[in-house]
Amino acid sequence: MKTAAVEQAAQIIREGGIAAFPTETVYGLGADAFQPFAVARIFEVKRRPFFDPLIVHIARREDISGLVREWPEEAETLMDRFWPGPLTLVLPKTDRIPDIVTAGLPTVGIRMPRHPLALELVRRAGGAIAAPSANRFGRTSPTTAAHVREQLGNGVDFILDGGPCEVGVESTILTFEEGRPVLLRPGGTPLEEIEEAIGPVRKGSVAFGSRPQAPGMLERHYATHTPLWVIPEGGPPPTERGRWGLLAFRRAREGYAAVEILTPCGDLREAAARLFAAMRRLDEEGLDAIAAELVTDHGLGRAINDRLLRAAARQTA
Ligand code: TXA
Ligand code: MG
């Protein structure tokens with residue numbers, strides 16, 4: 001454990017600063033959830049619109065009672081099964097949470113990450129860190145400390161380096177409407193496992209042009225600078241002229257100027273962990289366009305396809 005570095009980051013957060021830190025999903029940019037001015041700086045640095053609420057990260061189950069008014073039994077079941085881990089629950093908030101954190105919404109997203117540095121940081125920083133992914137708004141989430149440095153560089157007070165993120169896509173977000181579970185964002189906890197625990201969950205569509213379900217689920221998100229198009233796995237190469245790159249699920253193919261393979265053996269966990277870094281590498285190749293293969297649409301594949309479709313939304317909107 002990098003105790004000195006964690007304590008340095010925690011001190012910065014306690015004193016009203018902002019620090020990037022690793023979680024098992026992606027790097028977050030954190031501030032003390034109870035200090036509105038500190039939280040405001042996150043929005044400034046990310047250039048994130050104030051209508052897009054932040055997730056509050058906790059390290060101890062008992063801390064949610066100060067943050068959330070009430071929660072259904074199913075939420076309790078999910079906490080038992082998936083926390084710490086990549087699952088965010090959106091629940092009715094208490095008055096203790098400043099409005100800026102939730103963009104004025106009566107609910108708050110709560111998650112207990114399972115990365116040991118994140119847990120230790122939350123504990124030392126006071127128990128509740130408000131943090132979005134540590135990228136510029138609308139861009140690909142960082143899965144290494146170097147990604148954070150590239151995008152936010154001097155804008156943050158500290159970057160706690162915990163190496164590459166294990167899961168690689170953001171947490172699954174779930175809420176309850178009239179007591180019924182609703183999926184707001186597919187992510188690192190597979191929907192199938194959630195349904196196994198609490199029964200059927202109503203799903204948001206990941207189709208092109210779908211309306212955003214969570215305020216931050218804008219169509220064009222996770223974007224590369226290079227135009228990105230989704231294609232079926234093994235689909236024909238694009239006919240448009242120019243230098244194309246391929247973000248391949250399993251196999252490289254002829255006719256592309258650059259290729260990134262997510263997982264030669266078809267392991268969706270490996271694909272998720274490599275996704276954002278592979279998108280970044282292709283983005284740096286100076287290509288005219290990127291063709292990205294959709295992956296098997298179950299388990300973590302849902303989260304991967306969701307991010308690819310959102311990255312491609314500019315081309316179809
Ligand atoms: O894995 C993750 O969730 C990462 C790590 C850092 O924890 N965090 C993350 O945060 O992805 P962010 O801000 O990039 O995405 C959070 C999403 C946003 O789309 C936001 O709109 C939604 O969660 N959200 C947060 N609070 C909400 C609420 N009260 N109601 C509906 N959506 C909410
Ligand atoms: Mg984000």
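Order of listing sets the numbers, starting from 1, for every ligand and every atom in it. Keep in mind that this is a model prediction, so the values were computed, not measured.
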task = Please indicate whether any nitrogen or oxygen in T88 is less than 3.5 Å from any nitrogen or oxygen in ligand 1.
result = no
remark   = Contact region, T175 to ligand 1, non-hydrogen atoms below 4.0 Å, reads neither
ask   = With the threshold set at 4.0 Å, does a side-chain nitrogen-carboxylate oxygen contact exist between R180 and E177?
value = no
query = Does even one non-hydrogen atom of T102 get within less than 4.0 Å of ligand 1?
reply = no
Short N or O distance, E170 and ligand 1, threshold 3.5 Å exclusive = no
inquiry  = I need the atoms of ligand 1 closer than 4.0 Å to a non-hydrogen atom of L105, numbered in the order shown.
reply    = 28 (C), 29 (N), 30 (N)
inquiry  = Between ligand 1 and K46, is the shortest N or O to N or O distance under 3.5 Å?
reply    = no
message = Strictly below 4.0 Å, N to O, side chains only: are D157 and R41 in salt-bridge contact?
response = yes
ask   = Linking I/L/V/M/F/W/Y whenever any side-chain heavy atoms sit under 4.5 Å apart, do I129 and F37 land together?
value = no
ask   = Should you measure from each heavy atom of P53, which atoms of ligand 1 turn up under 4.0 Å away?
value = 20 (C), 21 (O), 24 (N), 25 (C), 26 (N), 27 (C), 28 (C), 33 (C)
task = Go through the steps to decide whether T263 and L268 satisfy the test side chain to side chain contact (heavy atoms under 4.5 Å, CB included), and finish with yes or no.
result = CA-CA 7 Å; T263 172; L268 288 169; over 6 Å; no
inquiry  = For a side chain to side chain contact (heavy atoms under 4.5 Å, CB included) check, start with the C-alpha distance between W83 and L89, then their side-chain angles and the critical distance, and finish with the verdict.
reply    = CA-CA 10 Å; W83 279 4; L89 296 172; 4.0 Å; yes
task = Report, in ascending order of atom number, the atoms of ligand 1 lying under 4.0 Å from any heavy atom of I173.
result = 17 (C), 22 (C), 23 (O)
task = Of the side chain and backbone of K93, name the one, both, or neither that has a heavy atom under 4.0 Å from an atom of ligand 1.
result = neither
message = Whether R250 and E293 form a salt bridge (side-chain N of Lys/Arg under 4.0 Å from carboxylate O of Asp/Glu) is what I want to check.
response = no
inquiry  = Tell me the contacting part of D52 for ligand 1: side chain, backbone, both, or neither, using a 4.0 Å heavy-atom threshold, strictly below.
reply    = side chain
request  = Could you tell me whether the Mg ion (ligand 2) has an N, O or S atom of S133 under 2.8 Å away?
outcome  = yes
inquiry  = Under 3.5 Å between any N/O of R185 and any N/O of ligand 1: does that happen in this structure?
reply    = yes
Ionic contact status for D306 with R302, cut-off 4.0 Å = no
Enumerated ligand 1 atoms positioned under 4.0 Å from heavy atoms of T25 = 1 (O), 2 (C), 4 (C), 5 (C)
note = Note: ligand 1 atoms sitting under 4.0 Å from heavy atoms of H57 are 5 (C), 6 (C), 7 (O)
message = Any nitrogen or oxygen of T23 lying under 3.5 Å from a nitrogen or oxygen in ligand 1? Just yes or no.
response = no
request  = Please name the pair of heavy atoms, one in R14 and one in E7, separated by the smallest distance, quoted to 0.1 Å.
outcome  = NH2-OE2, 2.8 Å
key: Considering all heavy atoms, the nearest V169-V26 contact   = C-CG1, 4.2 Å
ask   = Looking at R48 and P53, what are the two nearest heavy atoms and their distance?
value = NH2-O, 2.8 Å
